[in-house]
Amino acid sequence: RADAFALLWTASIAAQEHKVDWLPRWLSVGAEQRTRYESIDRRYNGFDGGDQQLAVRNRFQADVSAPKFAARLELQHSPAYLHDSGSLVTPSHIGGGLLQQANLAFQPIPSLSLEAGRFSEDFGSRRLIARNIFRNSTNAFDGALIRWKPSRWSVQTMVFRPAVYTGTYSDPLRVDGRFAAAFADRTYAGDSQAGGYVIRYSDSPRSPAALDRRLWTTGFRLFRPPLERQARTDYDFETALQKGSAEGERRTESMLHASADHTFAYAQWPRLAISYQQASGAFDTLFGARRFEYGPTGIYGLFARSNIRSLSQVFGAAPTKRTEFQLSHRWMWLASATRGWAASVLADPTGSAGTSLGRQWEARARYYPKPSVMLEAGHVAFHEGSFIERVLKRPAGLASYFWFGIEIQARFYSATR
């Protein structure tokens, strides 16, 4: 019933704009409903055939603000339906009636904020700690956070415990994980930024061996963020070193990202980007997002930021104020031939199968009938490389794998937000 109501609510938002201006200035409220249907025609998780899901995500948020104080409450309900037996949809992708955020902030001076409670937000580049956008369920963390923003600097330090759920219940084997982190960056001439970070993560002592991680991750980032509809060239360079132990073994891993993109002036936001990503054989992306670099997650999710090398080209444009489209092409390789493909069960310990995973084409289009409503359709075609053919003992040739998704998303926020 709740999901049926949410779908009807989405339709009503699409039919008319809703504005609330009678709330007190110290209170703002918001709601979001997203429904996405997606399907694939092949799996690499040991099961034959395709898969599908109807992913529904409902969010409700309230913010209270007062001099030197602020509070936020967010609830999220994330069920999924229609998936097949042996589905790639697991309990970690589903959450019902979860407390997504509940935190309090105290700001004694304009440049300093002290916060505590449950949080769900992005840190740094989103490659290691992120609030998921595409995935149906969303990362959340319990703990304390300090933000300090003097002049051109921005410093964030935190001590968190991941709020890990299996469906609607807290996962007893992972709930006692801990991590502490510090992010710092500085804005230089223009709007270029440089910064670094350090993250210490340790799993719960009760975790099984496969989850027993004790990791230090340190990184550096130099970037210039793109500005919408402004002609310029931007860039993003990030590298990270990860040391520690996992599964009872000592590890030293690394991650690299380098990209450049140019926005042209002669049309509405045409953008051309090229990027290279690499993550060594057992690099752990922790709580990072990957959709913006490797394609859809959900039931697709073929590529993760571990044991991978990728070279991609992206073209995007917004011909009108209500339409956007993007076309991307990616080559994918294993970083190490003797380690497995991180997002599948395929591996060749001998290394004789090579490293070529294949090529991925993705097309995505968005239409905004109203500012609060977005319709999106996407299609991915993945052509298998020689590694997959040899491990699965298939004849040489370009076997193809397809993903399709369509969604509607409606958002409502009060006028005081």
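What you see is a predicted model; the values in this text were computed from it and never measured. Count residues from 1 along the sequence.
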Q. Is the shortest distance from a Lys or Arg side-chain nitrogen in R221 or D185 to a carboxylate oxygen in the other one below 4.0 Å?
A. no

Q | Residues R131 and E74 bridged, charged N to O under 4.0 Å | A | yes

Q. Do the non-hydrogen side-chain atoms of Y201 and F160 ever get within less than 4.5 Å of each other?
A. no

Quick one about [Y] and [X] (side-chain donor to acceptor, distance below 3.5 Å, no hydrogens or angles considered), yes or no?
X: S113; Y: Q107; result: no
X: W403; Y: E38; result: yes
X: Q52; Y: Y37; result: yes
X: T320; Y: R322; result: no
X: E293; Y: H257; result: yes
X: Q360; Y: Y300; result: yes
X: T138; Y: Q76; result: yes
X: Q278; Y: R309; result: no
X: S328; Y: R330; result: yes

Q.
R290 vs T297, test: side chain to side chain contact (heavy atoms under 4.5 Å, CB included). Steps then yes/no.
A. CA-CA 8 Å; R290 52 188 169 126; T297 51; 3.6 Å; yes

Q: Could you walk me through whether M158 and F183 pass side chain to side chain contact (heavy atoms under 4.5 Å, CB included), step by step?
A: CA-CA 9 Å; M158 64 206 73; F183 290 80; 3.9 Å; yes

Q) Could you go step by step and tell me if Q409 and Y368 meet the side-chain hydrogen bond (donor to acceptor under 3.5 Å, both in side chains) rule? A) CA-CA 10 Å; Q409 178 173 280; Y368 298 85; over 6 Å; no

Q. Out of R390, R359, R42, which one pairs with E384 under the salt bridge (charged side-chain N to carboxylate O under 4.0 Å, His left out) rule?
A. R42

